[in-house]
Amino acid sequence: MSLTRRRAEIRSLSFQDLWGSGTDIARVHADDMQTALTLDAVFAATRLLSESVASLPLQTFRRSGGGKSRIDDPSLLREPSHHGTAYEWLQRAMVSLLLRGNAYGYITEFTSDGEHPRRIEWLHPDDVSTDDDTLLRTMRSTGEPVWRYRGAPIPNDRMVHIPGYTLPGQRLGLSPIAAYAMTTETGLSAKRFGRDWFRNGSIPSAVLETAEPVTQDQARTIKERFRAAVSGREPVVLGAGTSYKPITVPPNESQFLATIKATANTIAAIYGVPPERIGGEAASSRTYANREQESQDFVTFSLRPHLVKLEAHLSALLPRPQYVKFNVDALIRADLLTRYQAHSLALHDGWKSKDEVRELEDEPPLPDGQGAGFATTTGEGSAGMDRLQDAGRTNQ
């Protein structure tokens, strides 16, 4: 009787076959705020924007006639929350806008006249819902949406809503994390793959394998031996009749670092921030000269849309004709010489007083109102410009 030798099945095993893909959690929870923040680029982008906005001074003004005047900040800006400072208060609102596209505030305290908010607590956006997101349908029914916090109705006069990126006809803003869950999932999967790659000792340089057929139990034993050997970075003995075979890393499995960087670039584009600030790659090399321009671009293109939105909504909470405005000069802090040159020009042109300049430099006003006046001497403006230009040429 002749015996026919059964040919062993030959199949290449990937890294995921041995260690598992580990992407189930990422796939299911990629649109969850806490999970999304575990991706470095998402955390870096939201941290950069929220902390930059929260660190800017928020000042209050009053319109009078054709001008404006700086006034004392109301309690809503000085002590807006029972928990933390105004910095944390603004940061919470920004984090909600950046991750969920909406900031929901509950008015916990009104001013003495009962007309305007004195304190507002920002609610977790996932705990807030509305019965109808359609603007037209809401207007035809009650004129106001029905807000709910964890299922319980919220009185409209207690609710503050700031939407982010909005679509026509809808009241709620679009959630970046939900809209780009696939991008977050890709980044989390690549990050988890890299973690498992290095945790398990990467890939050994070679393996000893046999062409003999094996049972399921034997295959399980071989797999366990392989894992144990990989942890110690040793060759693997699979059984009798073995042969030596080097292991090469498939190109699609060696690019997880490039995938992480590419994901960071995509997230930078979503949030409108420079990619190199959140772990991505800059489009080109930069010199010191255009880094100052980059800082101004960051304020103009990354921060300004958020600042204008917050200014409009917070101003609506104050008595008219009061309004608030962020002082972006605090973020674009020029070097000492350039700053003093600008102060000199402003003083001699007569559109800033000495006390205003001293306030910008964190100095007290001059005594007896000496610094309250403005320069009125003719020709001083052009002379100041000449001095500024001469100093600039000397500095070069």
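Computed from heavy atoms alone, side chains included, the values below leave out hydrogens, waters and symmetry copies. Count residues from 1 along the sequence.
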Return the set of residues passing side-chain contact (heavy atoms from CB on, under 4.5 Å) with [X] (not counting sequence neighbours), or none when no residue passes.
{"X": "Lys354", "value": "Leu347, Leu366"}
{"X": "Ala268", "value": "Val273, Pro275, Ile278"}
{"X": "Thr266", "value": "Thr183, Ile270"}

Show every ring pair (Phe, Tyr, Trp, His ring centres under 6.0 Å) that has at least one partner inside residues 44-99, sequence neighbours left out.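 Sorted result for residues 44-99: Phe61-Tyr323, Trp89-Trp122.
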
Please report the closest heavy-atom contact between Leu317 and Pro117, naming both atoms and the distance.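 Nearest pair, atom of Leu317 first, then Pro117: O-CD, 3.5 Å.
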
Lys261 versus Gly279, closest heavy-atom pair with distance: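 What the structure gives for the nearest pair is NZ-O, 3.5 Å.
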
By the salt bridge (charged side-chain N to carboxylate O under 4.0 Å, His left out) test, which pairs, at least two apart or in different chains, include something from residues 310-328?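 Residue pairs with at least one partner in residues 310-328: there are none.
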
Any pair counted as salt bridge (charged side-chain N to carboxylate O under 4.0 Å, His left out), so long as it reaches residues 51-62, sequence neighbours left out: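 Checked against salt bridge (charged side-chain N to carboxylate O under 4.0 Å, His left out) - neighbours excluded - the pairs reaching residues 51-62 are Arg47-Glu51.
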
Considering only residues two or more places apart or on different chains, which pairs with a residue in residues 94-109 satisfy side chain to side chain donor-acceptor pair (under 3.5 Å)?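 The answer is Arg100-Asp126, Arg100-Ser175, Asn102-His161, Glu109-Arg118, Glu109-Arg119.
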
Which pairs, with at least one residue in residues 150-159 and sequence neighbours excluded, count as a side chain to side chain donor-acceptor pair (under 3.5 Å)?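 Sorted pair list: Asp127-Arg150.
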
Not counting sequence neighbours, which residues clear salt bridge (charged side-chain N to carboxylate O under 4.0 Å, His left out) with Arg148? List them please.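 With neighbours one apart ignored, the set is Asp131.
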
Results of ring pair (Phe, Tyr, Trp, His ring centres under 6.0 Å) for Tyr149 - residues two or more places apart only: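 For Tyr149 there are no ring pair (Phe, Tyr, Trp, His ring centres under 6.0 Å) partners, ignoring immediate neighbours.
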
Side-chain donor-acceptor distances from residues 63-74 under 3.5 Å, at least two apart:
| from | atom 1 | to | atom 2 | distance (Å) |
| --- | --- | --- | --- | --- |
| Arg70 | NH1 | Thr60 | O | 3.4 |
| Arg70 | NH1 | Asp73 | OD1 | 3.4 |
| Asp73 | OD1 | Thr60 | N | 3.2 |
| Asp73 | OD1 | Thr60 | OG1 | 2.7 |

Quick one: side chains of residues 299-308, donor-acceptor pairs under 3.5 Å with protein atoms, not counting sequence neighbours, listed by atom name and distance.
| from | atom 1 | to | atom 2 | distance (Å) |
| --- | --- | --- | --- | --- |
| Thr300 | OG1 | Gln296 | O | 3.0 |
| Ser302 | OG | Gly272 | O | 2.3 |

Nearest 0.5 Å, please: how far is OG1 in Thr46 from CG in Leu37?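 Going from CG on Leu37 over to OG1 on Thr46, the span is 5.0 Å.
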
